[in-house]
Amino acid sequence: MHMADGFISPAVGCTMWAASAAITALCARKVRQEKEVRLVPLMGVLGAFIFACQMLNFTIPGTGSSGHLGGGLILAVLLGPYAGFLVMAAILAVQALFFADGGLLALGCNIFNMGFFSCLVAYPFIYRPLAGKNPGTGRITLASIAAAVIGLQLGAFSVVLETTASGISALPFAQFVELMLPIHLAIGVVEGLATAAIVIFISRAQPSLLRPADLETGPVKKASFTVLGIFAVAALLCGAALSWFASAYPDGLEWSVAGVTGSEETSLAEPSSLHRSLESVQASTAIMPDYALPAAEETASSGETEGASSIVNPETSLAGVLGSVIIAALVFAAGYLFGRKPHSHCPR
């Protein structure tokens with residue numbers, strides 16, 4: 001659901017930037033007040049893990065489409081809704097700035113669609129009531145699937161509303177909804193199962209991380225070195241090797257757009273001066289556009305296919321590892337900077 005700038009107007013893009021910035025500020029304040037600095041190491045490795053997992057597109061049988069793990073619900077369950085939202089915002093910002101994955105004008109939309117609905121709606125209002133205080137495997141699975149599906153459905157519908165509000169006539173509301181919601185329903189089921197598997201693993205490895213009181217009203221628990229190590233290794237494994245096997249089919253958004261317009265073209269809006277300016281900024285900040293080195297992109301566009309038969313892709317591995325490291329470093333730095341509670345003034 002990474003929207004490109006061509007899907008939205010400057011007015012919608014700026015409005016969603018303001019909304020996402022306000023939510024980010026609120027979440028940062030909540031994290032700071034709740035002294036969740038103990039969660040910073042887990043925030044860092046989970047951010048790296050989710051970044052790497054988002055590179056692993058899986059094929060949706062019978063559709064010619066693919067999907068990938070969003071990860072917002074996983075972050076919310078393990079970190080709490082506020083810290084989870086902050087990590088998701090960091091992931092999407094790094095993807096847009098350094099890998100040109102999603103537009104800069106659309107970044108506010110992407111943070112809202114992928115972070116707000118999963119972390120601040122689906123988790124507290126769907127997952128928590130269904131899972132209960134001491135959930136077993138069955139309740140975790142049910143809660144994860146229901147919350148993932150509803151979170152993605154809301155995010156997908158939000159994409160439709162944003163394109164409609166932007167006046168993108170190439171994407172009529174009814175036709176776009178008819179494609180976006182069913183395909184993201186399928187993606188949501190897979191996301192729910194993946195979320196359940198990870199949460200069940202944590203419930204056995206370190207169950208204290210899943211107790212709601214630990215994340216909201218009581219002392220925050222530190223993740224064990226075992227949990228941190230497993231997620232760190234998983235992030236490197238996904239980014240460095242498993243990413244080679246990602247589906248080549250278009251993702252749910254691209255597939256839906258192609259179903260309506262007949263093309264996966266991402267420049268549906270007439271470029272404004274703001275579109276062009278932000279595109280120029282992104283071109284200067286993206287060190288590996290589309291998760292490849294710029295020179296390699298030029299080679300591919302020129303039609304050279306030498307070595308195309310090999311599944312091993314060192315550039316994809318580099319992007320996966322580099323992105324994971326950037327995310328972890330950014331979250332560590334921001335978490336320790338903003339997660340500490342200000343010192344109270346001593347009385348005179």
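None of these values were measured; they are calculated from a predicted model.
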Nearest 0.5 Å please: distance from the [atom1] atom of [X] over to the [atom2] atom of [Y].
| X | Y | atom1 | atom2 | value |
| --- | --- | --- | --- | --- |
| Phe173 | Thr163 | CZ | OG1 | 9.0 Å |
| Met55 | Ile50 | CE | CD1 | 14.0 Å |
| Ile150 | Ser118 | CD1 | OG | 11.0 Å |
| Leu78 | Ile198 | CG | CD1 | 7.5 Å |
| Gln282 | Leu105 | CD | CG | 10.5 Å |
| Cys119 | Leu73 | SG | CG | 8.0 Å |

State plainly whether one hydrophobic cluster holds both [X] and [Y], where clusters connect Ile, Leu, Val, Met, Phe, Trp and Tyr through side-chain heavy atoms under 4.5 angstrom apart.
| X | Y | result |
| --- | --- | --- |
| Phe201 | Ile145 | no |
| Leu185 | Phe117 | no |
| Phe231 | Leu330 | yes |
| Ile23 | Met43 | yes |
| Leu97 | Leu293 | yes |

> Stepwise, does the side-chain contact (heavy atoms from CB on, under 4.5 Å) test hold for Leu42 with Leu209?
Replying inline: CA-CA 10 Å; Leu42 184 59; Leu209 288 177; 4.1 Å; yes
Decide if atom [atom1] of [X] counts as having more than 12 heavy atoms of other residues, nucleotides or ligands within a radius under 6.0 Å.
| X | atom1 | value |
| --- | --- | --- |
| Phe332 | CZ | yes |
| Phe245 | CZ | yes |
| Trp244 | CH2 | yes |

Side-chain heavy atoms of [X] within contact of [Y], under 4.5 Å:
| X | Y | result |
| --- | --- | --- |
| Glu191 | His68 | no |
| Phe176 | Val159 | yes |
| Cys14 | Leu274 | yes |
| Pro10 | His275 | yes |
| Ile74 | Val199 | no |
| Met114 | Leu92 | yes |
| Leu152 | Met180 | no |
| Ser324 | Ile327 | no |

Which pair of non-hydrogen atoms, one from [X] and one from [Y], has the smallest distance, and what is that distance?
| X | Y | answer |
| --- | --- | --- |
| Val87 | Gly47 | CG1-CA, 3.6 Å |
| Leu79 | Leu39 | O-CD1, 3.4 Å |
| Thr24 | Leu86 | O-CD2, 3.5 Å |
| Phe85 | Gly115 | CD1-C, 3.6 Å |
| Leu181 | Phe157 | CD2-N, 3.9 Å |
| Leu69 | Ala194 | CD1-CB, 3.9 Å |

Taking [Y]'s backbone N and O only, do any of them form a donor-acceptor pair with [X]'s side chain (distance below 3.5 Å, no angle check)?
| X | Y | answer |
| --- | --- | --- |
| Thr59 | Pro61 | no |
| Gln95 | Ala100 | no |
| Gln206 | Val227 | no |
| Ser317 | Ala240 | yes |
| Ser158 | Gly155 | no |
| Asp290 | Ala292 | no |
| Trp17 | Ala106 | no |

> Aromatic rings Phe51 and Phe99: how do their planes relate, parallel, tilted or perpendicular, breaks at 30° and 60°?
Replying inline: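 It falls in the tilted class, 30° to 60°.
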Distance-only side-chain donor-acceptor flag, [X] / [Y], under 3.5 Å:
| X | Y | value |
| --- | --- | --- |
| Ser144 | Thr195 | no |
| His184 | Gln153 | no |
| Glu162 | Ser166 | no |
| Trp255 | Ser66 | no |

> Would Met3 and Leu253 count as a side-chain contact (heavy atoms from CB on, under 4.5 Å) if you check the C-alpha gap in whole Å, the side-chain angles of each, and the deciding distance to 0.1 Å?
Replying inline: CA-CA 8 Å; Met3 295 178 72; Leu253 174 57; 4.1 Å; yes
> Which is it for Val77 and Ile140 under the side-chain contact (heavy atoms from CB on, under 4.5 Å) test, yes or no, and what are the steps along the way?
Replying inline: CA-CA 11 Å; Val77 173; Ile140 288 175; over 6 Å; no
> Does the pair Glu178 and Val160 meet the rule for a side-chain contact (heavy atoms from CB on, under 4.5 Å), with working shown?
Replying inline: CA-CA 10 Å; Glu178 288 175 0; Val160 176; over 6 Å; no
> Given Tyr291 and Asp101, is the side chain to side chain donor-acceptor pair (under 3.5 Å) satisfied, shown in steps?
Replying inline: CA-CA 8 Å; Tyr291 304 97; Asp101 189 2; 2.6 Å; yes
